[in-house]
Structure formats: structure tokens, C-alpha cells
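Order of appearance sets the numbers: ligands from 1, and atoms from 1 within every ligand.
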Amino acid sequence: MKNFRMRPRLIALLALIIGFFTLSWGIVGHERINKAAVMALPKQVQVFFYNHIDFITQEASVPDIRKYALNYKDENARHYFDMENFGPADAFPQTLEEAKQKYDAKFLNDNGILPWYIEDMMAKLTKAFKDKNRAEILFLAADLGHYIGDAHMPLHTSANHDGQLSDQKGIHSLWESRLPELYAKNYKLNVPEAQYYEDVHKAVWAMINDTHSLVKPLLDIDKKLRTSTPEDGVFKKDAEGKILKTKYNTAVFSEEYAEKLHKDLNGMVESQMRKAIAATASFWYTAWVNAGKPDLSTLDAPAVTQRNYPALQEDLKLYQKGDLFGMKNQND
Ligand SMILES: [Zn+2]
């Protein structure tokens, strides 16, 4: 795992290079989820996380960088769970070990391991808190935030992950990257304080099932809008009237279509982002409680915490107004 730690500048560079790929939640989404989650933590955990908020924020996209830029083959399956292909819910394997016994490596690579991987990450994060291992806590927490973010994107829980089975290709990145890029600046991303999950396993599956329940509404809304919009209103055209394609050969949706879809989705993207923030903070908090609530104040020099204190108060005020990423903080 250590080999995949990267310095912030390298992360920023790689993020820029792969910014054109279809990233889950895009960089905008993942970074906002992790950053806002720090603000939703209770004090005893928040002060430590805030000391490292830049790392937590930038690291949010690293699992996708491992997947695309570094071509790390084990990474792929961690980001999704094609629920329909696993049969009836009561027969789902309960752990990654069980899943590996029941299915071969190719099947799991094709259909994903997201829920089990989140649970494994929770066990590792809990251990890192117990050991008071500063670097491990930060690295695991930031990565976990990424996978929890993915677990709130409906199409990451479906075999129809890009609408390819229902003639709706392109919907994946439109929903998770383009719409947040266009509209996240208006989202209110202040959520209630993190809650403790009595049962991590149950909490993971409740989250996955809740997200999956949105697959049909999402695809239905897009289908209805595509059918009622003349084709030249759905996609962007060049000067000669040809549909614009990205370099990955997917059609580019028009601004008008993106706007209409966002309106018809009636807050779904914002609501999923808010849920992802609340869940990320809650899983972090739960790992800390389950580790026996270790005192984190000894992990950083008191001077560092003191120096960051005024900025934390300032960011908390913005956050509580739902403006952590708003007009006053455009560069975030
Ligand atoms: Zn991802």
C-alpha cells in the first residue's frame, strides 16, 4: 500500500492529466465530499482531520488515479458493485472472503467488490486509530471517503453502469461529473454531525441498497427527457452540424440538455452528495469510536493545531451556512 502514497503535487498533476477521463464523481465531487466530511465530524476527531484537510481533500481522487493513470489492476473492482448480477439479495456473500469463494476473479473484476471493500477498509481504519498511526489514519480515511462517494452514485451499483443496456450511453459521466461541475457551486453541502453506526456491516448495505433504489428513477428520468427532446437538442454539434465527441468517442451532451436533466432529477445529485458527506463523516467517526476513542491531539504538534484553529472556525462558519465551496471560496 505504501507504494501508492503520493505527494500532493504529484496528485495534483496526475489529477490534471486524467481530468478528461470519466472519473467517478469527477474530481469536483470527490474532493468536496471529503472536505465537507471533515466539517461534519465531532470536535474530538475534527481538530486532527482539519490539520490535514488539504491531504484529505486532494487524496479523495487518488483511488481513481490508481485505476486510470497507474493502471493498477486490483483497483478497478473496488469502485462498483453490479448488484443485478449477484442474484437475489439474500444470497449475496457477506464478506470479501465469501465473495472470493463463491465467484472467480474475473467475475469479481467485472462485477465489482465495492461493499465488501468498504467494510475491509473500515477494519483497517479502526486498527490504524487503535495504533494511533497518523499516516495510516489519514491515508485510509481519505481513500475510504472516495469509495463511500462511489457508493452514492446510483450507476456504480448497477450492471447498466453507463446506460449501455438501455440505449442511454453517456449518462454515467453526465450525472456524476458534468452535472456536479456545472451545478455543485450552488449545492448546500452542510449536513448534520456524524452519527455512530452500531453495525458497520448493516450500515454499508443500507447505503448500497438506498443508492441502488435510485438506478431506475435516474434512468427513467433520462429516458423520458431523451425521448421528448429532438436529437439535435440532446447533443452538442460542431459548426458542420456533426455531433461532438470526446476523445473517448462518447457524445458530448448540450448545455441545454444537461440543464434540463438536472432540473428533472429534482435535486438527486445534490442529495446524493449530501448523503455521501454524512456517510463519510459517520464511517470515520464510527472507526474512531470502535478503536476506543483514542486521543488524537497527541498526533500533531500543539503549535500546528493552534495555528490552524482560526481557519477551522472560519471554515466552520462557511460550512454551517452551506457556503464552504460557495461564492466566498471559489478557488476551492
Ligand atoms: Zn471511484
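Partners of Ala40 by side-chain contact (heavy atoms from CB on, under 4.5 Å), not counting sequence neighbours, listed by chain and number: Val191, Ala281, Tyr319.
Looking at heavy atoms from C-beta onward, Glu255 lies in side-chain contact with Arg178 at the 4.5 angstrom threshold.
Among heteroatoms of the N, O or S kind in His146, NE2 lies nearest the Zn ion (ligand 1). Shortest distance from the Zn ion (ligand 1) to His79 is reached at ND1 (N/O/S atoms only).
In this structure, Lys236 does not pair ionically with Glu256, as no charged nitrogen and carboxylate oxygen lie closer than 4.0 Å.
With the Zn ion (ligand 1) at the apex, Asp64 OD1 and Asp150 OD2 define an angle of roughly 170° (rounded to 10 degrees).
Applying the salt bridge (charged side-chain N to carboxylate O under 4.0 Å, His left out) rule to pairs touching residues 207-218 yields Asp210-Lys275, Lys216-Asp220, sequence neighbours excluded.
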